[in-house]
Amino acid sequence: MANKVSFIILMILLPVLMLLSLSLGYINIPFSDICSYLIQGEHHHILETVRLPRMLTAFIVGMLMAVSGLLIQSVTRNPFASPGILGINSGASLAVMLSIAFGLSASPIFALVGALMVAGILVLAAILPRKPLTIMEITLLGACITAFCAAITQGLLIVHNQAIEQMIFWMSGSVTQNKLTVLKWVVPLIIAGAVISMLSARYLDVFIVGDELMQSLGVNIIALKVAVMTAAALLAAAAVTLAGPIGFIGLVAPHISKLMFRVNHLKLIPLTALIGATLLLLSDIISRFLLMPRDIPVGITTALIGVPVFIYLVINRREVTK
């Protein structure tokens with residue numbers, strides 16, 4: 001019964017936020033104009049070029065970061081893990097900074113290349129023929145990559161100080177720029193990550209029992225961990241490419257979904273995706289009004305919302321520590 005109530009609330013809240021995302025901003029658009037645009041196909045410049053791409057970007061990125069966070073928390077058995085600890089965000093940031101340093105534009109394609117390079121390193125580390133790294137060692141490797149890429153990025157910013165404003169905006173995470181044209185490049189990553197995560201879902205339910213018991217049940221632990229980490233890395237890479245490094249969605253959304261729904265991972269994964277989309281849409285709407293008429297990057301708003309929510313979850317850590 002509780003699951004049904006939570007699902008109904010989510011199914012009401014998400015479409016409402018999607019409509020508000022299309023309507024609210026420096027210029028408010030009446031719902032009648034939105035209906036005319038969506039149903040009758042009437043031309044509306046702001047909706048077509050600004051609001052709709054922004055809403056879709058927030059929706060997609062929120063889902064990707066939330067599912068990536070859920071997968072990482074499940075496979076590491078660490079409720080405080082998030083996509084940022086893998087080093088994918090910092091790898092994308094470094095690639096963008098290098099593109100600026102060489103006189104190129106800060107294209108999302110460079111972010112995709114940097115994110116995929118880090119993801120490739122993590123996957124290769126997990127399947128080393130002689131001594132593959134454990135999940136804890138991969139997590140530490142991700143932390144090392146994060147520190148390494150951050151150090152180089154900061155050094156390049158000192159040398160190319162004219163790029164500071166551009167990089168700070170990008171590193172804060174934003175859905176305001178129309179990056180849906182890049183979607184065709186990341187769709188394969190999204191499909192691959194989604195398929196792998198859903199195929200691995202039934203094994204994630206028993207992951208908490210420990211490796212020894214899972215091996216006794218005939219589960220190939222190394223293959224499963226590699227598959228799940230690969231899916232998480234692909235989804236995180238796609239999200240960073242579309243919106244830059246946005247924090248706290250991948251950390252908080254899995255906990256909220258576990259509090260709201262008592263279901264297995266096969267159902268929890270899509271539900272967590274919807275909660276992630278809801279959180280990022282809400283954050284994006286709030287970011288439009290904090291410094292009106294100026295938008296602030298949504299990554300700042302997610303931190304402002306995510307920190308108190310996560311502190312609450314830590315205080316009430318019955319679910320967090322499960």
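Please read all numbers here as calculations on a predicted model, not as lab measurements. Counting begins at 1 with the first residue of the sequence.
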Taking the side chain as every heavy atom from C-beta outward, state whether Leu189 and Leu116 have any atom pair closer than 4.5 Å.
-> yes
So, do Leu156 and Leu94 sit near enough that their side-chain heavy atoms are less than 4.5 Å apart?
-> yes
Check: Asn28 main-chain N/O paired with Ser23 side-chain donor or acceptor under 3.5 Å | no
Within the side chain of Thr302, is there an N or O that forms a donor-acceptor pair under 3.5 Å with the backbone of Phe248?
-> no
Without swapping roles, check the side chain of Gln73 against the backbone of Leu251 for a donor-acceptor pair under 3.5 Å.
-> yes
Can any side-chain N or O of Asn89 pair as donor or acceptor with the backbone N or O of Pro83 at less than 3.5 Å?
-> no
When you measure from the side chain of Ser68 to the backbone N and O of Leu64, does any donor-acceptor pair fall under 3.5 Å?
-> no
Test item: Ser257 side-chain N/O and Pro254 main-chain N/O as donor-acceptor pair under 3.5 Å = yes
Is it the case that more than 12 heavy atoms not belonging to Tyr26 sit under 6.0 Å from its OH atom?
-> no
Does any N or O in the side chain of His44 come within less than 3.5 Å of the main-chain N or O of Thr49, such that one atom is a donor and the other an acceptor?
-> no
For Gly87 and Thr146, the nearest pair of non-hydrogen atoms, with its separation, is CA-OG1, 3.1 Å
Honestly curious: do Ile158 and Leu98 fall in one hydrophobic cluster under the side-chain, below-4.5 Å linking rule?
-> no
Rounded distance [0.5 Å steps], CG in Leu281 versus CG in Leu14 | 6.5 Å
In sequence, state the C-alpha distance, the side-chain angles, and the governing distance for Arg288 and Thr176, and then conclude on side chain to side chain donor-acceptor pair (under 3.5 Å).
-> CA-CA 10 Å; Arg288 304 177 193 185; Thr176 56; over 6 Å; no
So CG of Asp295 and OG of Ser174: to nearest 0.5 Å the spacing works out to 7.5 Å
Interatomic distance, Thr241 atom OG1 to Leu112 atom CG [nearest 0.5 angstrom] | 4.0 Å
Work out which heavy atom in Gly299 is nearest to a heavy atom in Ile246; give both atom names and the distance.
-> CA-CG2, 4.3 Å
Report yes if some heavy atom in the side chain of Phe7 is under 4.5 Å from a heavy atom in the side chain of Leu271; otherwise report no.
-> yes
Do other residues, nucleotides or ligands put more than 12 heavy atoms under 6.0 Å from Phe148 CZ?
-> no
Donor-acceptor pair, side chain of Asn264 and main chain of Lys267, under 3.5 angstrom | yes
Do the side chains of Leu52 and Met55 get nearer than 4.5 Å, heavy atoms only?
-> yes
To the nearest 0.5 angstrom, please state how far the CG atom of Leu20 sits from the CE atom of Met18.
-> 11.5 Å
Would Leu10 and Phe261 count as a side chain to side chain contact (heavy atoms under 4.5 Å, CB included) if you check the C-alpha gap in whole Å, the side-chain angles of each, and the deciding distance to 0.1 Å?
-> CA-CA 11 Å; Leu10 182 61; Phe261 302 102; 4.2 Å; yes
Using the side-chain contact (heavy atoms from CB on, under 4.5 Å) rule, pick out the option among Val75, Thr272, Ile275 that qualifies with Leu70.
-> Thr272
Quick one: does Ile256's side chain get under 4.5 Å of Leu279's, heavy atoms only?
-> yes
Does Met198 CE have over 12 foreign heavy atoms under 6.0 Å away?
-> yes
How long is the span from the CG atom in Leu204 to the CG atom in Leu266, to the nearest 0.5 Å?
-> 10.5 Å
Could you walk me through whether Asp284 and Leu280 pass side chain to side chain contact (heavy atoms under 4.5 Å, CB included), step by step?
-> CA-CA 6 Å; Asp284 181 45; Leu280 195 53; 5.6 Å; no
Does Leu274 reach the side chain of Met11, with side-chain heavy atoms less than 4.5 Å apart?
-> yes
Is there a side-chain contact between Ser90 and Thr153 (heavy atoms, below 4.5 Å)?
-> no
Mark yes when over 12 heavy atoms from residues, nucleotides or ligands other than Tyr203 sit less than 6.0 Å from its OH; otherwise mark no.
-> no
